[in-house]
Amino acid sequence: LGILSGPNAVKGSTDAFKLAVDQINAEGGIDGRTVEYKEFDTDITPQGAARATSLALRYRPVALVGYGVSSGLKASVLSIKGAGIPVLHNTLGSLTSAKNLKYDRAFRMGPTTTQYAEAANNYLIDTLGAKSILMLHTEDAAPSEGAEKVIENAKGKGIKTVERAVPPSVTDLTEP
């Protein structure tokens, strides 16, 4: 499940996953069973993710993989819980931790916003020696959470910070 069409889609984003499935199947599958792979387009909205999840669950999968946007996974989690299957996701924010989803079969496949914020601060402050930081981010959950962590860490080190939050649909960043 992922953003497979529209302006937020990343061409080739599922290629590595498809290659892994092909390699697993070429070696006899898992316990002698071939792995079946189907794609579902969540678009970038919670409604799109819920719709894609509903379609995917009709195939009775053993797991769901994907979800790039926290709000999409959050909108889909009740259906996923109802199916009782694991979900491996790519979302960043604490909103979609297993604890906050109240679902112990939710697994994050990559870094969190907190980890990205720590890496950004290490680079900006410790490596580059930044004396001030302008944090420009969209008002979505994960970008806001990450910005908050960067600012909190920077202020803790005496770094001057300025923040500008803009709607996800912004087309003019002249002022910030």
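The chain is numbered in sequence order, starting from 1. Only a predicted model underlies this, so the values are computations on that prediction, with no experimental measurement involved.
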S.K.: Using a 3.5 Å distance criterion without hydrogens, assess whether the side chain of Asn8 forms a donor-acceptor pair with backbone atoms of Ile44.
M.R.: no
S.K.: Are any side-chain N or O atoms of Asp140 and backbone N or O atoms of Ala142, one a donor and one an acceptor, separated by less than 3.5 Å?
M.R.: no
S.K.: Within the 4.5 Å heavy-atom criterion, are Leu95 and Asn100 side-chain neighbours or not?
M.R.: no
S.K.: Hey, does the side chain of Arg108 reach the backbone of Gly93 with a donor-acceptor pair shorter than 3.5 angstrom?
M.R.: yes
S.K.: Just checking Lys74: does its NZ atom have more than 12 heavy atoms from other residues, nucleotides or ligands closer to it than 6.0 angstrom?
M.R.: yes
S.K.: Under the 3.5 angstrom rule, does the side chain of His89 hit a backbone N or O of Ser97 as a donor-acceptor pair?
M.R.: no
S.K.: Quick check: does any side chain N or O of Thr14 sit under 3.5 Å from a backbone N or O of Phe17, one acting as donor and the other as acceptor?
M.R.: no
S.K.: Without swapping roles, check the side chain of Ser76 against the backbone of Gly72 for a donor-acceptor pair under 3.5 Å.
M.R.: yes
S.K.: Please say whether more than 12 non-hydrogen atoms of neighbouring residues, nucleotides or ligands are located less than 6.0 Å from NZ in Lys11.
M.R.: no
S.K.: Would Ser5 and Asp41 count as a side chain to side chain donor-acceptor pair (under 3.5 Å) here? Give the steps.
M.R.: CA-CA 7 Å; Ser5 64; Asp41 188 358; 2.3 Å; yes
S.K.: Kindly indicate, with the supporting measurements, whether the criterion side chain to side chain donor-acceptor pair (under 3.5 Å) is fulfilled by Tyr67 and Thr53.
M.R.: CA-CA 10 Å; Tyr67 299 97; Thr53 300; 2.4 Å; yes
S.K.: Thinking salt bridges, do Lys99 and Asp104 make one under a 4.0 Å N-O criterion?
M.R.: no
S.K.: Flag the pair Lys18 / Glu39 as yes when at least one side-chain heavy-atom distance between them is below 4.5 Å, and no otherwise.
M.R.: yes
S.K.: Just by distance, do the side chain of Arg105 and the backbone of Lys81 share a donor-acceptor pair under 3.5 Å?
M.R.: no
S.K.: Is the number of heavy atoms from other residues, nucleotides or ligands under 6.0 Å of Glu152 CD greater than 12?
M.R.: yes
